[in-house]
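In the text below, chain A, chain B and the rest are named by the order of the sequence lines, each starting its count at 1.
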Number of protein chains: 2
Amino acid sequence: MTNEQTRLSKENCLKRIAAVRDALYAVSGKWKLPIVVALSEGPLRFKELQRALEDVTPRVLSKELKELELNGFIERREYDTSPATVTYALTPYSDTLKQVTKSLGDWGLQHREYLMEKSRELSPAQSDSLHP
Amino acid sequence: MTNEQTRLSKENCLKRIAAVRDALYAVSGKWKLPIVVALSEGPLRFKELQRALEDVTPRVLSKELKELELNGFIERREYDTSPATVTYALTPYSDTLKQVTKSLGDWGLQHREYLMEKSRELSPAQSDSLHP
DNA sequence: CACCCTGCTATCCTGCAGGATACCGGTATC
DNA sequence: GATACCGGTATCCTGCAGGATAGCAGGGTG
């Protein structure tokens, strides 16, 4: 490999690092991506979302929803039925995240398998690498 | 859609949410994935990594490297040259992360474009959605 | 021997993500 | 008129991820 090529691949690598950092920054947090996944089958109401995410408190859910809306990933819809109904739905832009959530989801599944396998090997001592 | 189908797709969705949460938990943090990307072109030494990641402090870098090693993503190699050299290299298992880093990187790039476009529209007011 | 590089560790500090708990105004169900 | 569901807010609290700064042992370089 020539020096020129090395330089180019290094620069490329730096760019990719920056891109990953940008992405992590934009979708940082424990709940943003899970919310996007939860909404991927269709709009949900506040409480429905809360139930889907199991242990998120309303305060946190509300905050995350606001941020997601501000960043153009979801849309809040109010219907003046009685009593008023509110739903949250993905925007078209959130589709760009599809590949991210898919690969993360796939990886999460296979990683869980991997950890199970590993803990079976070293059992009975339990691994602590699976989140609580 | 039958109720049965609804139930199945709901269950599937819950599984995917859990999988994404697992993944986020495992690769959480500001530096783990960037480190993996940095090492993707070949092993690097401690200081080289530090430079590639620009503003990570040695304390934090050291901590992240230890965690990555503990979780089987990287390998620390010590050579008894004089003075001793240390490199960090990806393990085969870290290959499973390739798709994740790729889609995150791609998305980060396109998201940056998107934000630029958006801020050009509403300029001169600057957007604060790009990280500092 | 003065000074730089590497590969860290030690100490100390701080913000804020995320949580716990409680509550509110409105509706409708019994 | 009590109780329950919805869509949140208001307050208060806490840990810990991540950073700032300093330093050290071991060697290399002039």
Side-chain angles (χ1 to χ4, degrees), chain A residues 17 20-36 38-39 43-71 73-89 128-129 131-132, chain B residues 17 20-36 38-39 43-71 73-89 128-129 131-132:
Chain A
I17 293 172
V20 168
R21 292 237 273 145
D22 286 349
L24 287 174
Y25 177 78
V27 297
S28 67
K30 197 168 166 182
W31 298 109
K32 291 202 181 60
L33 289 180
I35 289 173
V36 169
L39 294 178
L44 289 178
R45 307 171 60 171
F46 191 89
K47 289 281 182 186
E48 286 171 334
L49 258 172
Q50 207 182 160
R51 276 187 290 263
L53 301 175
E54 307 220 319
D55 49 357
V56 67
T57 64
R59 179 189 179 277
V60 169
L61 179 56
S62 170
K63 210 192 80 195
E64 300 282 296
L65 287 172
K66 272 172 191 158
E67 286 178 33
L68 283 169
E69 197 188 0
L70 213 66
N71 291 309
F73 297 123
I74 66 171
E75 201 188 307
R76 197 188 109 110
R77 297 176 182 160
E78 225 176 311
Y79 302 94
D80 53 353
T81 53
S82 173
T85 328
V86 177
T87 68
Y88 294 89
D128 61 341
S129 304
H131 73 157
Chain B
I17 293 173
V20 168
R21 291 238 273 146
D22 286 349
L24 287 175
Y25 177 78
V27 298
S28 67
K30 198 168 165 180
W31 298 109
K32 292 202 181 57
L33 290 180
I35 289 172
V36 168
L39 294 178
L44 289 177
R45 307 172 60 172
F46 191 88
K47 289 280 182 185
E48 285 172 334
L49 258 174
Q50 205 181 160
R51 277 187 290 262
L53 301 176
E54 307 218 320
D55 49 357
V56 68
T57 64
R59 181 190 179 274
V60 170
L61 180 54
S62 170
K63 211 192 81 196
E64 299 283 295
L65 287 172
K66 271 171 191 159
E67 285 177 35
L68 282 169
E69 196 187 0
L70 212 69
N71 291 309
F73 297 123
I74 66 172
E75 201 189 310
R76 196 187 110 111
R77 297 175 181 160
E78 225 176 313
Y79 302 95
D80 53 353
T81 52
S82 171
T85 327
V86 177
T87 68
Y88 294 88
D128 62 339
S129 303
H131 74 158

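Counting to the nearest Å, the C1' atom of D:dA17 and the CG atom of B:Asp55 are 15 Å from each other. Between the CG atom of A:Leu49 and the P atom of D:dC6 there is a distance of 13 Å, rounded to whole Å. Between the CZ atom of A:Arg45 and the P atom of D:dG8 there is a distance of 10 Å, rounded to whole Å. Taking atom CD of A:Glu78 as the reference point, atom P of D:dC6 lies 16 Å away to the nearest angstrom. For the pair A:Leu24 CG and D:dA17 P, the interatomic distance rounds to 16 Å; values are reported in whole Å. Regarding B:Leu44, its CG atom lies at a distance of 11 Å from the P atom of C:dG7, rounded to whole Å. The nearest whole Å value for the distance from the CG atom in A:Leu61 to the P atom in D:dG8 is 9 Å. Following rounding to the nearest Å, A:Glu48 (CD) and D:dC5 (C1') show an atom-to-atom distance of 12 Å.
Minimum heavy-atom separation, A:Ala52 to B:Ile17: O-CD1, 4.2 Å. Contact between B:Leu24 and A:Gly29 at its shortest, heavy atoms only, is CD1-O, 4.3 Å. The two residues A:Val60 and A:Trp31 make their nearest non-hydrogen contact at CG1-CD1, 3.6 Å. Taking both residues in full, the closest heavy atoms of B:Leu53 and B:Ala38 are given as CD2-CB, 4.5 Å, listed atom of the first, atom of the second, then distance.
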Under 3.5 Å between N/O atoms: give me all the protein pairs with nucleotides 27-30 of chain C, atom names plus distance.
from: C:dA28; atom 1: OP1; to: A:Ser82; atom 2: O; distance (Å): 2.7
from: C:dA28; atom 1: OP1; to: A:Ser82; atom 2: OG; distance (Å): 2.9

Could you list, one pair per line, each protein nitrogen or oxygen that sits under 3.5 Å from a nitrogen or oxygen of nucleotides 8-12 of chain C, together with the distance?
from: C:dC8; atom 1: OP1; to: B:Arg76; atom 2: NH1; distance (Å): 2.5
from: C:dC8; atom 1: OP2; to: B:Arg76; atom 2: NH1; distance (Å): 3.0
from: C:dC8; atom 1: OP2; to: B:Tyr88; atom 2: OH; distance (Å): 2.7
from: C:dT9; atom 1: OP1; to: B:Lys66; atom 2: NZ; distance (Å): 3.0
from: C:dT9; atom 1: OP2; to: B:Ser62; atom 2: OG; distance (Å): 2.7
from: C:dT9; atom 1: OP2; to: B:Lys66; atom 2: NZ; distance (Å): 3.2
from: C:dT11; atom 1: O4; to: B:Arg59; atom 2: NE; distance (Å): 3.1

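Residue pairs that meet the salt bridge (charged side-chain N to carboxylate O under 4.0 Å, His left out) test with at least one member in residues 60-70 of chain B, sequence neighbours left out, are B:Lys32-B:Glu64, B:Lys32-B:Glu67. Every pair passing salt bridge (charged side-chain N to carboxylate O under 4.0 Å, His left out) that includes a residue from residues 43-61 of chain A is listed here, sequence neighbours excluded: A:Asp55-B:Arg21.
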What's the verdict on side chain to side chain contact (heavy atoms under 4.5 Å, CB included) for B:Ile35 and B:Val56, showing C-alpha distance, side-chain angles and the deciding distance? CA-CA 11 Å; B:Ile35 289 172; B:Val56 68; over 6 Å; no
How far apart are the C-alpha atoms of B:Tyr88 and B:Leu68, what are their side-chain angles, what is the distance that settles it, and do they pass the side chain to side chain contact (heavy atoms under 4.5 Å, CB included) test? CA-CA 10 Å; B:Tyr88 294 88; B:Leu68 282 169; over 6 Å; no
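Using a 4.5 Å cut-off on side-chain heavy atoms (C-beta onward), B:Leu65 and B:Leu49 make contact.
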Which side-chain N or O atoms in residues 75-84 of chain A pair as donor and acceptor under 3.5 Å with protein atoms at least two apart or in another chain?
from: A:Glu75; atom 1: OE2; to: A:Arg77; atom 2: NE; distance (Å): 3.4
from: A:Arg76; atom 1: NH2; to: A:Glu78; atom 2: OE1; distance (Å): 2.6
from: A:Thr81; atom 1: OG1; to: A:Pro83; atom 2: O; distance (Å): 2.9
from: A:Thr81; atom 1: OG1; to: A:Thr85; atom 2: N; distance (Å): 3.4
from: A:Thr81; atom 1: OG1; to: A:Thr85; atom 2: OG1; distance (Å): 2.5

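Residues from residues 27-36 of chain A that place a heavy atom under 4.0 Å from any atom of DNA chain D: there are none.
Residue A:Arg77 has no polar side-chain atom (N or O) positioned under 4.0 Å from OP1 or OP2 of D:dG7.
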